Amino acid sequence: MAFEKEIATRRTFAVIAHPDAGKTTLTEKLLLYGGAIQTAGAVKSNKIKKSTTSDFMEIEKQRGISVATSVMTFYYKDKMVNILDTPGHKDFAEDTYRTLTAVDSVILVIDNAKVVEEQTEKLMEVCRMRDTPVIIFVNKVDRDGVDPFDILDELEQKLNIDVQPLAWPIGMGPHFKGVYNLYDRSLNLFQPGSTKVETENITITDLADKTLDQYLPKEANQLREDVELIEGVYNQFDVQKYLAGQLAPVFFGSAINNFGVKELLDAFIRIAPQPLPRDTNVRKIEPTEDKFSGFVFKIHANIDPNHRNRIAFLRVCSGEFERGRFYNHVRLDKKMRFNNPASFMADSKNIVEEAYAGDVIGLYDSGTFKIGDTITEGENYNFKGMPSFSPEIFKELVNKDPMKTKQLNKGIHQLTDEGVAQLFTQEINNAKIVGTVGELQFEVIQYRLKNEYGASCSFQPVNFYKACWITSQNEEVFNRFLKAKKPYLAKDKDDNYVFLASSEWILKLTREEYPEIEFHFTSEFKNRKKV
Ligand code: G4P
(Lines give C-alpha, C1' and ligand atoms only; values in the text may rest on other atoms or scores of the structure.)
Protein backbone atom coordinates (compact mmCIF):
# COMPACT_ATOMS: atom_id res chain seq x y z
CA MET A 1 0.00 0.00 0.00
CA ALA A 2 1.26 3.43 -0.92
CA PHE A 3 0.63 4.92 2.51
CA GLU A 4 2.58 2.24 4.38
CA LYS A 5 5.72 4.12 3.42
CA GLU A 6 4.24 7.37 4.71
CA ILE A 7 3.30 5.76 8.02
CA ALA A 8 6.76 4.24 8.45
CA THR A 9 8.32 7.73 8.42
CA ARG A 10 6.12 9.08 11.25
CA ARG A 11 7.52 9.54 14.77
CA THR A 12 4.85 11.02 17.01
CA PHE A 13 5.85 11.86 20.56
CA ALA A 14 5.56 14.33 23.44
CA VAL A 15 8.16 16.03 25.59
CA ILE A 16 7.05 15.80 29.21
CA ALA A 17 8.50 17.16 32.43
CA HIS A 18 7.80 18.57 35.83
CA PRO A 19 7.42 22.36 35.30
CA ASP A 20 10.74 24.19 34.93
CA ALA A 21 12.84 21.14 34.09
CA GLY A 22 13.36 22.54 30.59
CA LYS A 23 10.62 21.06 28.39
CA THR A 24 10.04 24.28 26.44
CA THR A 25 13.75 24.91 25.97
CA LEU A 26 14.39 21.37 24.76
CA THR A 27 11.38 21.41 22.42
CA GLU A 28 12.65 24.60 20.89
CA LYS A 29 16.09 23.13 20.33
CA LEU A 30 14.60 20.05 18.69
CA LEU A 31 12.66 22.33 16.37
CA LEU A 32 15.86 24.21 15.53
CA TYR A 33 17.53 20.96 14.53
CA GLY A 34 14.56 20.05 12.41
CA GLY A 35 14.65 23.44 10.70
CA ALA A 36 11.06 24.07 11.77
CA ILE A 37 12.11 27.35 13.35
CA GLN A 38 15.14 29.46 12.53
CA THR A 39 15.88 31.26 15.77
CA ALA A 40 15.74 30.47 19.43
CA GLY A 41 12.80 32.13 21.18
CA ALA A 42 10.38 31.47 18.31
CA VAL A 43 8.32 29.09 20.38
CA LYS A 44 6.91 30.88 23.33
CA SER A 45 6.62 29.03 26.53
CA ASN A 46 3.04 27.89 26.90
CA LYS A 47 3.31 27.64 30.62
CA ILE A 48 1.42 29.89 32.90
CA LYS A 49 3.95 31.24 35.32
CA LYS A 50 3.15 30.49 38.93
CA SER A 51 2.84 34.15 39.81
CA THR A 52 0.05 34.70 37.33
CA THR A 53 -2.24 31.82 38.14
CA SER A 54 -5.14 34.12 38.88
CA ASP A 55 -4.61 36.39 35.92
CA PHE A 56 -7.29 35.33 33.55
CA MET A 57 -6.05 37.22 30.55
CA GLU A 58 -2.79 35.39 30.93
CA ILE A 59 -4.64 32.09 30.75
CA GLU A 60 -6.33 33.25 27.59
CA LYS A 61 -3.08 34.31 26.03
CA GLN A 62 -1.65 30.94 26.89
CA ARG A 63 -4.62 29.16 25.41
CA GLY A 64 -3.98 30.94 22.12
CA ILE A 65 -0.35 29.96 22.17
CA SER A 66 -1.13 26.41 23.01
CA VAL A 67 -3.26 25.99 19.87
CA ALA A 68 -0.41 27.29 17.74
CA THR A 69 1.99 24.82 19.28
CA SER A 70 -0.36 21.88 19.69
CA VAL A 71 1.45 19.83 17.09
CA MET A 72 4.86 20.76 15.82
CA THR A 73 6.07 18.91 12.76
CA PHE A 74 9.49 18.75 11.19
CA TYR A 75 11.56 16.46 9.04
CA TYR A 76 14.83 15.05 10.29
CA LYS A 77 16.86 12.38 8.55
CA ASP A 78 13.95 11.32 6.32
CA LYS A 79 11.59 10.99 9.27
CA MET A 80 8.55 13.12 9.88
CA VAL A 81 8.64 14.09 13.53
CA ASN A 82 5.40 15.20 15.21
CA ILE A 83 5.86 16.73 18.66
CA LEU A 84 2.61 17.01 20.59
CA ASP A 85 2.71 19.87 23.03
CA THR A 86 1.61 19.40 26.61
CA PRO A 87 0.65 22.20 28.99
CA GLY A 88 3.32 23.19 31.45
CA HIS A 89 1.05 24.20 34.29
CA LYS A 90 0.26 21.45 36.76
CA ASP A 91 -3.41 22.39 36.94
CA PHE A 92 -3.69 21.24 33.35
CA ALA A 93 -2.09 17.87 34.04
CA GLU A 94 -5.17 16.04 32.84
CA ASP A 95 -4.67 17.58 29.36
CA THR A 96 -1.16 16.19 29.40
CA TYR A 97 -2.36 12.73 30.40
CA ARG A 98 -4.80 12.76 27.51
CA THR A 99 -2.18 13.92 25.03
CA LEU A 100 -0.06 10.98 26.13
CA THR A 101 -2.73 8.66 24.75
CA ALA A 102 -2.11 10.12 21.29
CA VAL A 103 1.66 9.61 21.11
CA ASP A 104 3.79 6.57 20.37
CA SER A 105 6.67 7.52 22.67
CA VAL A 106 7.88 10.28 24.99
CA ILE A 107 11.01 12.15 25.97
CA LEU A 108 11.02 12.84 29.69
CA VAL A 109 13.07 15.86 30.80
CA ILE A 110 14.65 15.80 34.26
CA ASP A 111 16.33 18.64 36.14
CA ASN A 112 19.72 17.30 37.25
CA ALA A 113 19.44 18.99 40.65
CA LYS A 114 15.86 17.98 41.43
CA VAL A 115 15.77 14.62 39.64
CA VAL A 116 12.38 12.93 40.21
CA GLU A 117 9.72 15.51 41.13
CA GLU A 118 6.03 15.08 41.91
CA GLN A 119 4.82 15.58 38.36
CA THR A 120 7.57 13.37 36.94
CA GLU A 121 6.21 10.41 38.89
CA LYS A 122 2.62 11.02 37.82
CA LEU A 123 3.56 11.39 34.17
CA MET A 124 5.55 8.18 34.24
CA GLU A 125 2.64 6.35 35.82
CA VAL A 126 0.51 7.37 32.88
CA CYS A 127 3.21 6.24 30.43
CA ARG A 128 3.42 2.89 32.15
CA MET A 129 -0.33 2.35 31.87
CA ARG A 130 0.21 1.99 28.12
CA ASP A 131 3.85 0.80 28.18
CA THR A 132 4.84 3.90 26.25
CA PRO A 133 8.54 3.86 25.34
CA VAL A 134 10.42 6.57 27.25
CA ILE A 135 13.75 8.28 26.62
CA ILE A 136 15.07 10.32 29.56
CA PHE A 137 17.00 13.57 29.08
CA VAL A 138 18.78 14.76 32.21
CA ASN A 139 18.95 18.52 31.66
CA LYS A 140 20.97 21.43 33.09
CA VAL A 141 24.30 19.60 33.43
CA ASP A 142 25.94 23.02 33.04
CA ARG A 143 24.77 23.60 36.62
CA ASP A 144 25.76 21.68 39.70
CA GLY A 145 23.47 18.77 40.33
CA VAL A 146 23.14 15.30 41.80
CA ASP A 147 25.89 12.79 40.96
CA PRO A 148 24.96 11.01 37.69
CA PHE A 149 25.15 7.55 39.26
CA ASP A 150 22.77 8.69 42.00
CA ILE A 151 20.49 10.15 39.34
CA LEU A 152 20.28 6.76 37.63
CA ASP A 153 19.49 5.08 40.97
CA GLU A 154 16.77 7.56 41.81
CA LEU A 155 15.20 7.29 38.35
CA GLU A 156 15.13 3.53 38.57
CA GLN A 157 13.70 3.44 42.06
CA LYS A 158 11.12 6.18 41.90
CA LEU A 159 10.00 5.70 38.31
CA ASN A 160 9.89 1.96 38.56
CA ILE A 161 11.60 1.38 35.23
CA ASP A 162 15.02 0.03 34.23
CA VAL A 163 17.33 2.76 32.98
CA GLN A 164 20.54 2.66 30.96
CA PRO A 165 22.78 5.62 30.15
CA LEU A 166 23.59 6.01 26.46
CA ALA A 167 25.54 9.21 27.01
CA TRP A 168 27.68 10.07 30.02
CA PRO A 169 28.45 13.54 31.38
CA ILE A 170 32.05 14.53 31.96
CA GLY A 171 31.92 16.66 35.09
CA MET A 172 28.98 18.82 36.06
CA GLY A 173 28.27 22.49 36.76
CA PRO A 174 31.28 24.75 36.25
CA HIS A 175 33.41 21.65 35.62
CA PHE A 176 31.20 20.28 32.92
CA LYS A 177 33.37 19.36 29.95
CA GLY A 178 31.09 17.42 27.66
CA VAL A 179 29.37 14.14 27.03
CA TYR A 180 30.74 10.76 26.06
CA ASN A 181 28.35 8.95 23.78
CA LEU A 182 28.31 5.33 24.92
CA TYR A 183 26.31 4.20 21.92
CA ASP A 184 28.70 5.18 19.14
CA ARG A 185 31.74 5.82 21.38
CA SER A 186 32.27 9.42 20.49
CA LEU A 187 33.17 12.47 22.52
CA ASN A 188 31.31 15.75 22.34
CA LEU A 189 33.05 18.63 24.05
CA PHE A 190 31.08 21.45 25.60
CA GLN A 191 31.20 25.05 24.46
CA PRO A 192 28.91 27.13 26.68
CA GLY A 193 26.30 29.23 24.95
CA SER A 194 26.81 27.60 21.59
CA THR A 195 23.85 28.06 19.29
CA LYS A 196 25.40 25.99 16.55
CA VAL A 197 23.15 23.29 15.27
CA GLU A 198 25.99 21.11 14.01
CA THR A 199 28.41 19.95 16.65
CA GLU A 200 31.63 18.16 15.96
CA ASN A 201 31.99 14.76 17.53
CA ILE A 202 35.34 13.16 18.12
CA THR A 203 35.29 9.41 17.68
CA ILE A 204 37.27 7.59 20.36
CA THR A 205 36.62 3.88 20.05
CA ASP A 206 39.18 2.97 22.66
CA LEU A 207 39.13 5.06 25.80
CA ALA A 208 42.73 3.99 26.53
CA ASP A 209 43.67 6.06 23.48
CA LYS A 210 46.02 8.86 24.55
CA THR A 211 44.16 11.44 22.42
CA LEU A 212 41.51 11.37 25.15
CA ASP A 213 44.06 12.89 27.55
CA GLN A 214 44.76 15.65 25.07
CA TYR A 215 41.11 16.64 25.01
CA LEU A 216 40.48 16.03 28.69
CA PRO A 217 43.78 16.37 30.54
CA LYS A 218 42.17 16.37 33.99
CA GLU A 219 39.05 14.32 33.41
CA ALA A 220 40.17 11.48 31.14
CA ASN A 221 40.89 9.01 33.94
CA GLN A 222 37.63 9.67 35.74
CA LEU A 223 35.77 9.12 32.46
CA ARG A 224 37.62 5.84 31.90
CA GLU A 225 36.64 4.68 35.40
CA ASP A 226 33.01 5.73 34.97
CA VAL A 227 32.68 4.03 31.60
CA GLU A 228 34.27 0.84 32.91
CA LEU A 229 31.78 0.81 35.74
CA ILE A 230 28.84 1.48 33.43
CA GLU A 231 29.89 -1.19 30.97
CA GLY A 232 30.29 -3.64 33.84
CA VAL A 233 26.75 -2.97 35.04
CA TYR A 234 24.81 -2.68 31.81
CA ASN A 235 24.49 -5.11 28.94
CA GLN A 236 24.28 -4.11 25.33
CA PHE A 237 21.34 -1.70 24.98
CA ASP A 238 18.23 -3.72 24.19
CA VAL A 239 15.98 -1.74 21.86
CA GLN A 240 13.16 -4.26 22.22
CA LYS A 241 13.02 -3.64 25.96
CA TYR A 242 12.84 0.09 25.29
CA LEU A 243 10.03 -0.43 22.77
CA ALA A 244 8.17 -2.55 25.32
CA GLY A 245 8.34 0.34 27.80
CA GLN A 246 10.59 -1.60 30.21
CA LEU A 247 13.90 0.17 29.69
CA ALA A 248 14.53 3.90 29.42
CA PRO A 249 17.76 5.08 27.79
CA VAL A 250 19.22 8.12 29.57
CA PHE A 251 20.98 11.09 27.97
CA PHE A 252 22.67 13.99 29.71
CA GLY A 253 22.86 17.51 28.34
CA SER A 254 21.98 21.14 28.59
CA ALA A 255 19.04 22.25 26.51
CA ILE A 256 19.70 25.95 26.93
CA ASN A 257 23.26 25.51 25.68
CA ASN A 258 22.07 23.28 22.89
CA PHE A 259 24.28 20.57 24.22
CA GLY A 260 23.54 16.87 24.03
CA VAL A 261 20.37 17.62 22.10
CA LYS A 262 21.66 16.31 18.79
CA GLU A 263 22.70 13.01 20.42
CA LEU A 264 19.24 12.76 21.89
CA LEU A 265 17.50 13.49 18.60
CA ASP A 266 19.74 11.12 16.64
CA ALA A 267 19.04 8.32 19.11
CA PHE A 268 15.34 9.14 19.07
CA ILE A 269 15.23 8.88 15.28
CA ARG A 270 17.10 5.60 15.44
CA ILE A 271 15.05 3.84 18.11
CA ALA A 272 11.67 5.54 18.61
CA PRO A 273 8.70 3.56 17.33
CA GLN A 274 6.68 4.38 14.25
CA PRO A 275 2.90 4.58 14.74
CA LEU A 276 1.82 1.65 16.88
CA PRO A 277 -1.31 -0.51 16.77
CA ARG A 278 -4.10 0.62 19.10
CA ASP A 279 -6.71 -1.25 21.10
CA THR A 280 -10.41 -0.74 20.67
CA ASN A 281 -13.32 -2.36 22.44
CA VAL A 282 -13.66 -4.73 19.49
CA ARG A 283 -10.22 -5.49 18.07
CA LYS A 284 -6.70 -4.18 17.66
CA ILE A 285 -6.30 -1.63 14.86
CA GLU A 286 -3.07 -1.77 12.87
CA PRO A 287 -1.81 1.59 11.55
CA THR A 288 -1.35 0.13 8.09
CA GLU A 289 -4.94 -1.04 7.70
CA ASP A 290 -6.37 0.48 4.55
CA LYS A 291 -9.41 1.94 6.31
CA PHE A 292 -9.03 5.25 8.09
CA SER A 293 -9.64 5.58 11.85
CA GLY A 294 -8.75 8.06 14.57
CA PHE A 295 -9.83 9.50 17.91
CA VAL A 296 -10.23 12.92 19.49
CA PHE A 297 -7.85 13.51 22.40
CA LYS A 298 -8.11 17.24 22.88
CA ILE A 299 -10.71 19.92 22.25
CA HIS A 300 -9.81 23.54 22.17
CA ALA A 301 -12.60 26.08 22.39
CA ASN A 302 -12.37 29.54 21.02
CA ILE A 303 -13.82 31.56 23.82
CA ASP A 304 -14.40 34.66 21.75
CA PRO A 305 -18.24 34.83 21.76
CA ASN A 306 -18.17 35.98 18.12
CA HIS A 307 -16.30 32.90 17.02
CA ARG A 308 -17.74 30.10 19.07
CA ASN A 309 -16.08 27.31 17.11
CA ARG A 310 -13.95 24.65 18.66
CA ILE A 311 -11.08 22.64 17.31
CA ALA A 312 -11.04 18.93 17.99
CA PHE A 313 -7.60 17.37 17.72
CA LEU A 314 -7.70 13.96 16.15
CA ARG A 315 -4.92 11.41 16.16
CA VAL A 316 -5.02 9.34 12.98
CA CYS A 317 -4.65 5.69 14.01
CA SER A 318 -4.90 3.84 10.73
CA GLY A 319 -5.02 4.32 7.01
CA GLU A 320 -5.30 7.61 5.21
CA PHE A 321 -7.53 10.56 6.05
CA GLU A 322 -8.75 12.58 3.08
CA ARG A 323 -10.26 16.04 3.21
CA GLY A 324 -13.93 16.18 2.24
CA ARG A 325 -14.64 12.44 2.49
CA PHE A 326 -17.50 11.15 4.60
CA TYR A 327 -16.52 9.40 7.81
CA ASN A 328 -18.45 7.81 10.65
CA HIS A 329 -18.75 9.45 14.09
CA VAL A 330 -19.18 6.23 16.07
CA ARG A 331 -20.78 7.59 19.27
CA LEU A 332 -23.38 9.60 17.38
CA ASP A 333 -23.69 7.05 14.58
CA LYS A 334 -23.51 9.96 12.17
CA LYS A 335 -21.80 10.52 8.82
CA MET A 336 -19.58 13.58 8.84
CA ARG A 337 -17.13 15.17 6.48
CA PHE A 338 -14.45 17.70 7.18
CA ASN A 339 -13.76 20.32 4.57
CA ASN A 340 -11.15 22.33 6.43
CA PRO A 341 -9.01 19.97 8.47
CA ALA A 342 -6.01 21.91 9.72
CA SER A 343 -2.43 21.35 10.73
CA PHE A 344 -0.79 23.83 13.06
CA MET A 345 2.73 25.05 13.17
CA ALA A 346 3.90 28.07 15.15
CA ASP A 347 1.78 30.90 13.74
CA SER A 348 0.68 29.29 10.53
CA LYS A 349 -2.33 27.13 9.99
CA ASN A 350 -2.62 24.97 6.90
CA ILE A 351 -5.43 23.03 5.34
CA VAL A 352 -4.60 19.35 5.27
CA GLU A 353 -5.49 17.42 2.11
CA GLU A 354 -4.56 14.04 3.54
CA ALA A 355 -3.11 12.66 6.73
CA TYR A 356 -1.74 9.28 7.75
CA ALA A 357 -1.55 7.15 10.87
CA GLY A 358 0.63 9.01 13.36
CA ASP A 359 -0.53 12.46 12.24
CA VAL A 360 -2.67 14.84 14.25
CA ILE A 361 -5.20 17.06 12.55
CA GLY A 362 -7.48 19.80 13.84
CA LEU A 363 -11.18 19.49 12.96
CA TYR A 364 -13.49 22.47 13.28
CA ASP A 365 -16.40 21.54 15.45
CA SER A 366 -19.52 23.19 16.73
CA GLY A 367 -20.11 20.87 19.66
CA THR A 368 -20.37 17.40 18.14
CA PHE A 369 -17.18 16.08 19.65
CA LYS A 370 -16.36 14.78 23.06
CA ILE A 371 -12.92 13.78 24.27
CA GLY A 372 -12.35 10.15 23.30
CA ASP A 373 -14.69 10.10 20.29
CA THR A 374 -13.76 7.65 17.55
CA ILE A 375 -14.07 8.34 13.81
CA THR A 376 -13.91 5.46 11.33
CA GLU A 377 -14.68 4.66 7.73
CA GLY A 378 -17.79 2.82 8.83
CA GLU A 379 -16.82 0.11 11.29
CA ASN A 380 -18.22 0.37 14.81
CA TYR A 381 -15.59 0.38 17.51
CA ASN A 382 -14.17 2.75 20.09
CA PHE A 383 -10.53 3.35 20.85
CA LYS A 384 -9.55 2.51 24.40
CA GLY A 385 -7.01 4.22 26.58
CA MET A 386 -8.82 7.50 27.18
CA PRO A 387 -9.45 7.19 30.89
CA SER A 388 -10.54 9.95 33.21
CA PHE A 389 -8.47 9.96 36.37
CA SER A 390 -9.88 10.63 39.78
CA PRO A 391 -9.86 14.41 40.22
CA GLU A 392 -8.11 15.93 43.20
CA ILE A 393 -10.31 18.90 43.99
CA PHE A 394 -14.09 18.73 44.23
CA LYS A 395 -16.60 21.57 44.43
CA GLU A 396 -20.33 21.83 44.12
CA LEU A 397 -21.59 23.90 41.23
CA VAL A 398 -24.13 26.45 42.50
CA ASN A 399 -26.48 28.11 40.05
CA LYS A 400 -26.60 31.84 40.78
CA ASP A 401 -29.26 32.71 38.22
CA PRO A 402 -32.23 30.31 38.10
CA MET A 403 -33.45 32.00 34.90
CA LYS A 404 -30.38 30.64 33.17
CA THR A 405 -30.55 27.02 34.40
CA LYS A 406 -30.75 25.63 30.88
CA GLN A 407 -27.69 27.58 29.77
CA LEU A 408 -25.79 26.50 32.86
CA ASN A 409 -26.58 22.84 32.21
CA LYS A 410 -25.63 23.06 28.57
CA GLY A 411 -22.45 24.94 29.40
CA ILE A 412 -21.22 22.60 32.08
CA HIS A 413 -21.93 19.58 29.88
CA GLN A 414 -20.05 21.04 26.94
CA LEU A 415 -17.11 22.17 29.04
CA THR A 416 -16.79 18.76 30.61
CA ASP A 417 -17.05 17.15 27.13
CA GLU A 418 -14.01 19.24 26.26
CA GLY A 419 -12.24 17.78 29.25
CA VAL A 420 -11.94 21.01 31.26
CA ALA A 421 -13.19 19.15 34.33
CA GLN A 422 -15.26 16.13 35.30
CA LEU A 423 -18.88 16.25 36.29
CA PHE A 424 -20.51 13.96 38.83
CA THR A 425 -24.17 14.10 39.77
CA GLN A 426 -24.87 13.11 43.34
CA GLU A 427 -27.50 10.45 43.83
CA ILE A 428 -29.07 11.90 46.93
CA ASN A 429 -29.85 15.44 45.80
CA ASN A 430 -28.79 15.74 42.15
CA ALA A 431 -26.08 18.18 43.19
CA LYS A 432 -23.51 18.77 40.48
CA ILE A 433 -20.02 18.05 41.74
CA VAL A 434 -17.23 19.37 39.57
CA GLY A 435 -13.87 17.62 39.94
CA THR A 436 -10.57 18.98 38.66
CA VAL A 437 -6.86 18.50 39.17
CA GLY A 438 -6.24 22.19 39.84
CA GLU A 439 -7.85 25.32 41.28
CA LEU A 440 -7.37 27.17 38.03
CA GLN A 441 -10.06 25.13 36.28
CA PHE A 442 -12.78 26.51 38.55
CA GLU A 443 -11.89 30.01 37.44
CA VAL A 444 -11.88 28.91 33.84
CA ILE A 445 -15.30 27.27 34.18
CA GLN A 446 -16.85 30.24 35.96
CA TYR A 447 -15.50 32.67 33.39
CA ARG A 448 -16.46 30.57 30.40
CA LEU A 449 -19.97 29.80 31.67
CA LYS A 450 -20.58 33.53 32.01
CA ASN A 451 -18.83 34.55 28.84
CA GLU A 452 -19.98 31.84 26.46
CA TYR A 453 -23.30 30.69 27.92
CA GLY A 454 -24.48 33.70 29.89
CA ALA A 455 -24.82 31.60 33.05
CA SER A 456 -23.64 32.64 36.50
CA CYS A 457 -22.31 30.17 38.98
CA SER A 458 -20.28 29.91 42.11
CA PHE A 459 -18.47 26.98 43.66
CA GLN A 460 -19.02 25.66 47.12
CA PRO A 461 -16.32 23.55 48.73
CA VAL A 462 -17.28 19.93 49.42
CA ASN A 463 -15.33 17.54 51.48
CA PHE A 464 -14.33 14.82 49.04
CA TYR A 465 -10.89 13.43 48.59
CA LYS A 466 -11.24 10.93 45.73
CA ALA A 467 -13.74 9.71 43.20
CA CYS A 468 -13.59 5.95 42.61
CA TRP A 469 -15.50 4.19 39.91
CA ILE A 470 -17.13 1.14 41.46
CA THR A 471 -18.09 -2.25 40.07
CA SER A 472 -18.81 -5.67 41.47
CA GLN A 473 -19.40 -9.16 40.19
CA ASN A 474 -21.90 -9.61 43.00
CA GLU A 475 -25.11 -7.78 42.20
CA GLU A 476 -26.58 -8.25 45.65
CA VAL A 477 -23.54 -6.76 47.39
CA PHE A 478 -23.44 -3.96 44.86
CA ASN A 479 -27.06 -3.02 45.54
CA ARG A 480 -26.47 -3.19 49.27
CA PHE A 481 -23.51 -0.86 48.85
CA LEU A 482 -25.57 1.58 46.78
CA LYS A 483 -28.19 1.72 49.50
CA ALA A 484 -25.77 2.08 52.39
CA LYS A 485 -23.54 4.69 50.80
CA LYS A 486 -26.13 6.83 49.06
CA PRO A 487 -24.85 10.18 50.39
CA TYR A 488 -21.45 9.39 48.89
CA LEU A 489 -22.62 8.12 45.55
CA ALA A 490 -22.70 9.96 42.27
CA LYS A 491 -22.84 9.15 38.58
CA ASP A 492 -20.40 10.31 35.97
CA LYS A 493 -21.57 11.58 32.59
CA ASP A 494 -21.68 8.06 31.18
CA ASP A 495 -23.94 6.92 34.00
CA ASN A 496 -21.24 4.96 35.80
CA TYR A 497 -21.45 4.80 39.57
CA VAL A 498 -18.76 6.67 41.47
CA PHE A 499 -17.98 6.57 45.17
CA LEU A 500 -16.92 9.94 46.57
CA ALA A 501 -14.63 9.22 49.48
CA SER A 502 -14.21 11.94 52.09
CA SER A 503 -10.73 10.91 53.13
CA GLU A 504 -8.05 8.34 52.56
CA TRP A 505 -9.01 6.72 55.82
CA ILE A 506 -12.70 6.45 54.90
CA LEU A 507 -11.76 4.96 51.57
CA LYS A 508 -9.57 2.38 53.27
CA LEU A 509 -12.31 1.46 55.75
CA THR A 510 -14.94 1.23 53.03
CA ARG A 511 -12.75 -1.03 50.94
CA GLU A 512 -12.19 -3.29 53.93
CA GLU A 513 -15.89 -3.32 54.71
CA TYR A 514 -16.84 -4.23 51.12
CA PRO A 515 -14.18 -6.58 49.75
CA GLU A 516 -16.48 -7.60 46.93
CA ILE A 517 -16.69 -4.09 45.54
CA GLU A 518 -13.94 -3.04 43.15
CA PHE A 519 -12.75 0.53 43.44
CA HIS A 520 -11.13 1.95 40.30
CA PHE A 521 -9.09 5.11 40.18
CA THR A 522 -9.56 5.69 36.46
CA SER A 523 -12.75 5.53 34.46
CA GLU A 524 -11.39 2.83 32.17
CA PHE A 525 -11.05 -0.47 33.87
CA LYS A 526 -10.60 -3.97 32.66
CA ASN A 527 -13.39 -6.57 32.87
CA ARG A 528 -15.87 -3.86 33.58
CA LYS A 529 -19.23 -5.26 34.42
CA LYS A 530 -22.03 -2.77 34.63
CA VAL A 531 -24.41 -3.80 37.33
P1 G4P B 1 9.53 23.99 31.32
O2 G4P B 1 9.02 24.22 29.94
O3 G4P B 1 9.85 22.55 31.61
O4 G4P B 1 8.71 24.58 32.40
O5 G4P B 1 10.97 24.69 31.44
P6 G4P B 1 11.66 25.83 30.56
O7 G4P B 1 12.15 25.29 29.28
O8 G4P B 1 10.79 27.03 30.53
O9 G4P B 1 12.93 26.07 31.48
C10 G4P B 1 12.82 26.43 32.84
C11 G4P B 1 14.01 27.26 33.23
O12 G4P B 1 15.19 26.46 33.13
C13 G4P B 1 14.24 28.46 32.32
O14 G4P B 1 14.76 29.49 33.13
C15 G4P B 1 15.30 27.98 31.37
O16 G4P B 1 16.05 29.02 30.82
C17 G4P B 1 16.13 27.10 32.28
N18 G4P B 1 16.90 26.06 31.55
C19 G4P B 1 16.47 25.24 30.58
N20 G4P B 1 17.47 24.43 30.17
C21 G4P B 1 18.55 24.73 30.92
C22 G4P B 1 19.90 24.25 30.96
O23 G4P B 1 20.31 23.38 30.22
N24 G4P B 1 20.72 24.81 31.88
C25 G4P B 1 20.31 25.80 32.72
N26 G4P B 1 21.20 26.29 33.58
N27 G4P B 1 19.06 26.30 32.70
C28 G4P B 1 18.18 25.77 31.81
P29 G4P B 1 13.85 30.65 33.73
O30 G4P B 1 14.78 31.55 34.43
O31 G4P B 1 12.71 30.08 34.49
O32 G4P B 1 13.22 31.29 32.49
P33 G4P B 1 13.87 32.21 31.39
O34 G4P B 1 13.71 33.56 31.94
O35 G4P B 1 15.31 31.80 31.23
O36 G4P B 1 13.04 31.92 30.20
Side-chain angles (χ1 to χ4, degrees), residues 13-33 37 39-53 58-59 61-63 65-66 68-70 72 83-93 95-97 99-100 106-124 134-146 148 151 167 169-179 188-197 199 250-265 346 438 440:
F13 78 109
V15 182
I16 54 174
H18 185 90
D20 273 345
K23 177 175 74 73
T24 312
T25 314
L26 178 67
T27 305
E28 184 171 282
K29 295 292 148 71
L30 293 172
L31 294 174
L32 275 173
Y33 276 104
I37 53 169
T39 48
V43 179
K44 292 170 202 81
S45 161
N46 76 346
K47 67 182 167 171
I48 300 161
K49 297 271 182 197
K50 287 169 215 90
S51 54
T52 58
T53 47
E58 188 62 22
I59 301 175
K61 238 169 42 205
Q62 301 295 346
R63 285 164 53 83
I65 293 168
S66 69
T69 60
S70 280
M72 294 163 279
I83 307 183
L84 271 52
D85 195 27
T86 56
H89 197 284
K90 97 174 198 336
D91 284 9
F92 292 98
D95 285 358
T96 302
Y97 303 156
T99 298
L100 289 181
V106 303
I107 293 181
L108 171 68
V109 186
I110 301 281
D111 181 318
N112 74 333
K114 298 182 179 149
V115 198
V116 175
E117 298 175 78
E118 187 195 344
Q119 207 49 29
T120 328
E121 285 188 75
K122 285 200 180 147
L123 289 164
M124 270 302 286
V134 179
I135 297 180
I136 298 177
F137 183 73
V138 179
N139 192 25
K140 306 193 185 181
V141 284
D142 58 314
R143 280 193 345 203
D144 275 327
V146 176
I151 291 180
I170 305 160
M172 262 207 196
H175 309 293
F176 178 64
K177 289 288 178 287
V179 160
N188 189 3
L189 297 177
F190 179 55
Q191 294 162 309
S194 169
T195 51
K196 275 196 307 186
V197 163
T199 49
V250 182
F251 290 81
F252 291 81
S254 166
I256 196 115
N257 288 296
N258 203 12
F259 192 82
V261 179
K262 187 171 183 296
E263 283 76 4
L264 175 75
L265 183 57
L440 206 50

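The analysis underlying the following values was restricted to heavy atoms, covering all of them including side chains, and did not include hydrogens, waters or symmetry mates. Being a predicted model, the structure only gives us computed values, none of them experimental. Atoms within a ligand are numbered from 1 in the order they appear, just like the ligands themselves.
Taking both residues in full, the closest heavy atoms of E263 and F251 are given as O-CE2, 3.9 Å, listed atom of the first, atom of the second, then distance. Scanning all heavy atoms of the two residues, the minimum distance from I83 to L31 falls at CD1-CD2, 4.3 Å.
Here the shortest heavy-atom distance to atom 6 (P) of ligand 1, taken over T25, V138, V15, belongs to T25.
Checking only distances, G253 never comes within under 3.5 Å of ligand 1, N or O to N or O. Any N or O atom pair closer than 3.5 Å counts here, and A255 shares at least one such pair with ligand 1.
Atoms of ligand 1 lying under 4.0 Å from at least one heavy atom of K23, given by number and element, are 1 (P), 2 (O), 3 (O), 5 (O), 7 (O). Atoms of ligand 1 found under 4.0 Å from any heavy atom of P19 (numbered from 1 in listed order, with element): 4 (O). Annotation for ligand 1: atoms under 4.0 Å from non-hydrogen atoms of D142 are 22 (C), 23 (O), 24 (N), 25 (C), 26 (N). In summary, the atoms of ligand 1 found under 4.0 Å from a heavy atom of R143, numbered by their order in the structure, are 26 (N). Near S254, with a cut-off below 4.0 Å to any heavy atom, the atoms of ligand 1 are 22 (C), 23 (O), 24 (N).
Looking at D20 against ligand 1, both its backbone and its side chain come within 4.0 Å, counting heavy atoms. Neither the backbone nor the side chain of N257 has a heavy atom within less than 4.0 Å of ligand 1.
The distance from the CG atom of L108 to the NZ atom of K23 is 12.0 Å, given to the nearest 0.5 Å. The CG atom of N258 sits 10.0 Å away from atom CD of E28, with the distance rounded to the nearest 0.5 Å. Separation of atoms CG (L264) and CD1 (I136) is listed at 11.5 Å; rounding is to 0.5 Å. To the nearest 0.5 Å, atoms OG (S254) and CE (M172) are separated by 11.0 Å. Atom-to-atom distance recorded for T120:OG1 and K114:NZ is 10.0 Å, nearest 0.5 angstrom.
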